[in-house]
Amino acid sequence: MLKIYNTLSRDKREFIPITPDAVRMYVCGMTVYDYCHLGHARVLVVFDMAYRWLKASGFDVTYVRNITDIDDKIIRRAAENKESIHALTQRFIAAMHEDADALGVQRPDHEPCATQYVPQMLEMIEKLEENGLAYRAADGDVNYAVRKFPGYGNLSGKSLEDLRAGERVDVTDGKNDPLDFVLWKHARDSESDEVKWDSPWGKGRPGWHIECSAMGSEILGKHFDIHGGGADLQFPHHENEIAQSEGAHKCRFVNYWMHNGFVRVDEEKMSKSLGNFFTIREVLKKYDAEVVRFFILRAHYRSPLNYSDMHLDDAKGALTRLYTALKFLPVRPEPSTTLRTKGLVEGERGDASAHATSTNSRQASTGSARTDLMDWNEPHARRFKAAMDDDFNTPEAVAVLFDLANEVNRTQSAEAASQLKALAGVLGLLQRDPQAFLQGGAGEGGFDDTVISAQIEARITAKKSKNFAEADRIRKELLETGIVLEDSAMGTTWRRV
RNA sequence: GGCGCGAUAGCAAAGCGGUUAUGCACCGGAUUGCAAAUCCGUGAAGGGCGGUUCGACUCCGCCUCGCGCCUCCA
């Protein structure tokens with residue numbers, strides 16, 4: 001039984017989908033005007049993990065992660081760069097995909113761009129107007145009348161009074177209440193036609209919050225299961241989404257709200273305004289993408305995650321241990337063809353759901369494709385599943401991986417090795433050829449493979465003639481370039497530090 | 001100021017009212033020509049003060065400290 005911590009109820013509860021066996025999930029994605037940083041990487045990886053686990057648990061998942069391709073910062077940046085909005089956003093959407101792909105993030109089922117859903121947004125704003133929740137301000141903007149929505153503040157645990165008491169809310173422009181937010185921004189003369197859309201309220205462009213409400217309901221329906229995003233979106237963004245969606249549709253919007261914790265640098269939130277951010281691609285120059293993914297998954301998604309080279313080094317060492325366990329062992333064949341992949345996915349689904357629905361008969365009929373690949377009754381798998389079902393407790397799940405690695409090293413069991421690879425695969429980890437990972441490294445200079453092989457041969461010759469001084473010299477020389485040699489019964493292998 | 005989250009061994013990070021988390025580092029042993037890797041073993045913890053309990057790292061209260069949201073932010 002999967003339990004999810006729901007920000008709305010502030011506790012962990014059993015996950016019950018609206019439609020049996022199906023999950024509809026929406027996650028707030030990126031505003032594309034710059035490269036993604038590690039904070040974005042965390043959202044990508046965390047919800048990819050949730051997506052994978054839901055699928056592995058037998059749910060038919062529809063995952064939507066939007067792209068904000070129109071907003072103040074985009075407009076400003078495009079102007080600075082003297083390029084079109086479209087050129088700018090396309091560039092950074094491509095960059096985002098590169099980064100996400102590198103991190104092993106599966107593409108969502110839908111990746112809608114805000115600019116493609118303006119009609120739906122207009123429709124929603126009109127509904128809000130009809131329902132008496134939106135009004136046209138003197139400056140031409142259309143605003144949401146927050147005080148007219150009774151549940152405002154429920155998600156973030158704030159009351160309107162508390163919010164008003166805060167001195168940080170600007171009392172400006174045409175808002176009836178300082179807490180009201182913009183649904184539709186009127187066009188300014190200075191702005192290019194590229195950011196102007198026709199509307200019943202004249203030319204303009206959508207406010208930020210409306211896009212998620214409109215795209216969510218358009219693609220997933222008015223009421224869906226899971227909505228996620230970074231913890232900083234809890235207020236006001238998600239609070240406003242609720243007000244918009246429930247205000248327009250007059251029905252419940254989302255059942256489970258999930259928020260991931262921040263990435264920090266020196267115990268401070270990584271953010272653009274603080275300037276303490278590292279872009280994904282920057283980090284990937286120094287660390288293997290899988291190390292970064294492992295680093296993220298090794299912490300619980302709701303906890304803060306401190307970034308530093310030291311921690312990445314630590315993660316690399318840990319992942320190395322896992323891959324080392326798989327180094328000499330044959331694991332079951334990779335699903336390389338599409339048919340095979342399809343079979344795997346379906347089997348995964350059926351198998352896990354059979355397990356999830358405990359002891360019924362589905363197991364026999366659906367387990368076949370996957371049974372040889374994954375035995376969910378195996379003790380490690382059970383522990384892994386229990387951990388993941390407990391609000392996606394990946395640190396615990398990863399601990400199971402290490403216990404399995406120990407068993408592999410101890411028993412040299414191909415079954416254990418296969419199980420290790422299969423369970424790790426559920427997290428999007430450990431799917432590469434171990435040698436490729438161990439010998440990969442950042443590839444900053446040093447010897448190439450042929451030189452290394454030659455050196456290893458030379459060392460073996462030296463060892464045979466008991467010339468240990470020479471053998472040690474070669475080993476030391478390689479070590480200085482970051483190559484570690486490991487002798488074993490199977491011969492000498494090497495890896496990069 | 002309002003609201004919320006957190007404090008676990010040298011570092012990182014989980015579960016759990018009583019029984020080894022896990023990874024890295026450390027120490028001892030096995031293995032190795034020596035290493036590395038691996039295995040076995042030891043050591044190392046729960047911010048402070050109270051309370052509940054036969055028993056608390058785990059529940060409750062208070063305090064201290066840290067972080068976050070209240071403005072764009074993943």
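Below, chain A is the first sequence line, B the second, and so on; all start at residue 1.
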Regarding B:rG15, can its base be found pairing with the side chain of A:N393 as donor and acceptor, where the two atoms are less than 3.5 Å apart? no
Any donor-acceptor N/O pair under 3.5 Å between B:rA35 base and A:R475 side chain: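 Answer is yes: a donor-acceptor pair is held.
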[X]: partners by side-chain contact (heavy atoms from CB on, under 4.5 Å), with sequence neighbours left out:
X: A:R76; value: A:D72, A:K73, A:E80
X: A:R302; value: A:Y5, A:K12, A:H300, A:D391
X: A:D101; value: A:R107
X: A:K463; value: A:R459, A:F468, A:A471, A:D487

Kindly state each residue pair satisfying side-chain hydrogen bond (donor to acceptor under 3.5 Å, both in side chains) with at least one member in residues 32-45 of chain A, sequence neighbours excluded. A:D34-A:R77
Pairs in or reaching into residues 309-328 of chain A: which pass ring-ring contact (aromatic ring centres under 6.0 Å, His included), with residues at least two apart or in two chains?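 ring-ring contact (aromatic ring centres under 6.0 Å, His included) check on residues 309-328 of chain A returns A:Y323-A:F437.
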Can you pull out the residues from residues 144-159 of chain A that lie within a 4.0 Å heavy-atom distance of RNA chain B?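 Contacts with RNA chain B under 4.0 Å: A:G157, A:K158.
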Interface residues of residues 266-281 of chain A with RNA chain B (non-hydrogen, below 4.0 angstrom):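 A:E267, A:E268, A:K269, A:M270, A:S271 - these, ordered by number, are the residues of the stretch whose heavy atoms sit under 4.0 Å from the strand.
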Any non-hydrogen side-chain atom of A:Y26 less than 4.5 Å from a side-chain atom of A:C212? yes
Extract the stems that RNA chain B is part of, considering only consecutive pairing runs of at least three Watson-Crick or G-U wobble pairs, both distances under 3.5 Å.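 RNA chain B forms these stems: B:1-7 with B:64-70, B:10-12 with B:22-24, B:27-30 with B:38-41, B:47-51 with B:59-63.
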Considering only the [atom1] atoms, how many Å lie between [N] and [M], rounded to the nearest integer?
N: B:rC5; M: B:rU20; atom1: P; value: 32 Å
N: B:rA37; M: B:rA25; atom1: P; value: 7 Å
N: B:rU8; M: B:rG15; atom1: P; value: 14 Å
N: B:rC60; M: B:rC16; atom1: P; value: 14 Å

Taking any heavy-atom pair under 4.0 Å as a contact, classify [X]: base, sugar-phosphate, or nothing.
X: A:K327; answer: nothing
X: A:V400; answer: nothing
X: A:H300; answer: sugar-phosphate

Nearest heavy atom decides the nucleotide; on that basis, is A:G261 or A:R383 closer to the 5' end of RNA chain B? A:R383
Sequence neighbours left out, what passes ring-ring contact (aromatic ring centres under 6.0 Å, His included) with A:W494? Give chain and number order. none
Whole angstroms only, please: what is the CG-P distance between A:N306 and B:rA12?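 Taking CG of A:N306 and P of B:rA12, I get 8 Å after rounding.
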Please tell me if A:S308 has a side-chain N or O lying less than 4.0 Å from either OP1 or OP2 of B:rC11. no
Is there a side-chain polar atom (N or O) of A:R495 under 4.0 Å from OP1 or OP2 of B:rA37?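 True: A:R495 side-chain N/O within range (under 4.0 Å) of B:rA37 OP1/OP2.
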Which protein N or O atoms sit under 3.5 Å from an N or O of nucleotides 39-42 of chain B?
from	atom 1	to	atom 2	distance (Å)
B:rC39	OP1	A:R321	NH2	3.2
B:rC39	OP1	A:N406	ND2	3.0
B:rC39	OP1	A:N409	ND2	3.2
B:rC39	OP2	A:R321	NH1	3.3
B:rC40	OP1	A:R410	NE	3.4
B:rC40	OP2	A:N406	ND2	3.3

To the nearest 0.5 Å, what is the distance between CD (A:E241) and CE (A:M215)?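 Reported value, rounded in 0.5 Å steps: 9.0 Å.
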Between A:F262, A:F278, A:F277, which is the residue that forms a ring-ring contact (aromatic ring centres under 6.0 Å, His included) with A:Y307?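 Result for ring-ring contact (aromatic ring centres under 6.0 Å, His included) with A:Y307: A:F278.
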Under 3.5 Å, which donor-acceptor pairs do the side chains of residues 394-405 of chain A form with other protein atoms, sequence neighbours left out?
from	atom 1	to	atom 2	distance (Å)
A:T394	OG1	A:L297	O	2.6
A:T394	OG1	A:A299	O	3.3
A:D403	OD2	A:R383	NH2	2.4

